[in-house]
*Asks:* 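Pasting a structure here, questions to come.
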Amino acid sequence: MGNDVTKFNDVIKNSFLNDYMFGNLAALDILLGLLTAFMAGAFIYVVYKYTYKGVLYSPSFNITLLVMTMITSLVIMTISTNVVLSLGMVGALSIVRFRTAIKDPLDVVFMFWAIAAGISSGAGLYLLTLLGAVIIGAVIVVLSRKKHTDTLYLLVIHYTEEANDEVKRELQKLDYTLKSKVVRKNMMEITAEIRLKIDNTSFMNKLGDLEGVQDVSLVQYNGDYAV
């Protein structure tokens with residue numbers, strides 16, 4: 001009885017390996033998968049370049065998004081042809097770490113978008129890949145063009161200790177949050193976060209005219225870095 005069970009298990013295992021271990025992809029399927037991945041990656045490339053709002057645009061990162069889409073598609077097609085290889089590749093990919101610093105949180109969205117497009121195109125879901133790319137791209141473009149009611153700025157002031165009271169009095173007229181304060185002998189430096197609904201910087205002239213104020217600087221701020 002035990003031998004029969006063992007033989008039955010061997011038959012099932014061999015049948016599974018013969019049917020699913022090695023599969024074949026037609027050349028047309030490979031070309032369609034890579035072409036769809038390229039089209040989706042190129043669309044992601046254009047959307048990223050059009051909607052980028054950071055300080056320094058990185059062409060190499062944008063090219064990486066396009067190539068990542070095609071590579072992911074190729075990986076998925078490879079996995080789909082070999083069950084054993086897919087299990088080993090899952091373990092191999094689990095040790096991969098992306099160590100490049102991400103300055104803009106939206107870059108992570110584009111990376112996941114590229115990977116998702118590569119997965120769907122590699123799985124043969126060509127319509128899903130292209131239609132999904134158009135919808136996601138439209139959402140990102142619409143949201144990126146939306147104007148905020150106010151803008152964050154960093155106000156940096158250098159002044160002497162004698163002008164401290166006057167500077168505080170002028171700052172109280174603004175919607176500000178103190179970010180840092182540095183004292184150097186008789187000189188002081190403060191950095192304040194302020195919100196401006198319109199491009200009205202007349203308060204800078206008032207601050208600059210105060211006796212003891214050396215200079216006043218204003219830079220746009222988005223929460224991560226100054227522009």
*Asks:* Which pair of heavy atoms, one from Ala37 and one from Met70, lies closest together, and at what distance?
*Replies:* CB-CA, 3.9 Å
*Asks:* Identify, with sequence neighbours excluded, every residue that meets salt bridge (charged side-chain N to carboxylate O under 4.0 Å, His left out) alongside Glu162.
*Replies:* none
*Asks:* Show which residues join Leu127 in its hydrophobic cluster (side-chain heavy-atom contacts under 4.5 Å, direct or indirect), or state none.
*Replies:* none
*Asks:* Other hydrophobic cluster members with Ile135, side-chain heavy atoms of Ile/Leu/Val/Met/Phe/Trp/Tyr under 4.5 Å, chained?
*Replies:* Leu131
*Asks:* Starting from Met39 and following side-chain heavy-atom contacts under 4.5 Å between hydrophobic residues (I, L, V, M, F, W, Y), which residues can be reached?
*Replies:* Leu35, Leu130
*Asks:* With Thr191, which residues qualify under side-chain hydrogen bond (donor to acceptor under 3.5 Å, both in side chains), at least two apart?
*Replies:* Ser180
*Asks:* Side-chain donor-acceptor contacts of residues 116-125 below 3.5 Å, not counting sequence neighbours, with atom names and distances?
*Replies:*
from: Ser120; atom 1: OG; to: Ala116; atom 2: O; distance (Å): 3.2
from: Ser120; atom 1: OG; to: Ala117; atom 2: O; distance (Å): 3.0
from: Ser120; atom 1: OG; to: Thr129; atom 2: OG1; distance (Å): 2.6
from: Ser121; atom 1: OG; to: Ser73; atom 2: OG; distance (Å): 3.3
from: Ser121; atom 1: OG; to: Ala117; atom 2: O; distance (Å): 3.0
from: Ser121; atom 1: OG; to: Gly118; atom 2: O; distance (Å): 3.0

*Asks:* Kindly write out the residues that satisfy side-chain contact (heavy atoms from CB on, under 4.5 Å) with Leu210, not counting sequence neighbours, or none if the list is empty.
*Replies:* Glu166, Val167, Glu170, Leu207, Val213
*Asks:* Who clusters with Tyr126? Use side-chain heavy atoms, under 4.5 angstrom, across I, L, V, M, F, W and Y, and order the result by chain and number.
*Replies:* Leu28, Leu32
*Asks:* Which is it for Phe61 and Phe110 under the ring pair (Phe, Tyr, Trp, His ring centres under 6.0 Å) test, yes or no, and what are the steps along the way?
*Replies:* CA-CA 10 Å; Phe61 178 80; Phe110 279 94; 8.2 Å; no
*Asks:* Between Leu171 and Leu174, is there a side-chain heavy-atom distance shorter than 4.5 Å?
*Replies:* yes
*Asks:* I'd like to check the side-chain contact (heavy atoms from CB on, under 4.5 Å) partners of Val182; sequence neighbours left out, ordered by chain and number.
*Replies:* Arg184, Glu189
*Asks:* Using the test side-chain contact (heavy atoms from CB on, under 4.5 Å), find all partners of Ile63 that sit at least two apart in sequence or belong to another chain.
*Replies:* Tyr45, Val67
*Asks:* If you look only at pairs with a residue in residues 157-186, which of them pass as a ring pair (Phe, Tyr, Trp, His ring centres under 6.0 Å), with sequence neighbours excluded?
*Replies:* none
*Asks:* Who are the side-chain hydrogen bond (donor to acceptor under 3.5 Å, both in side chains) partners of Ser58, not counting sequence neighbours?
*Replies:* Ser60
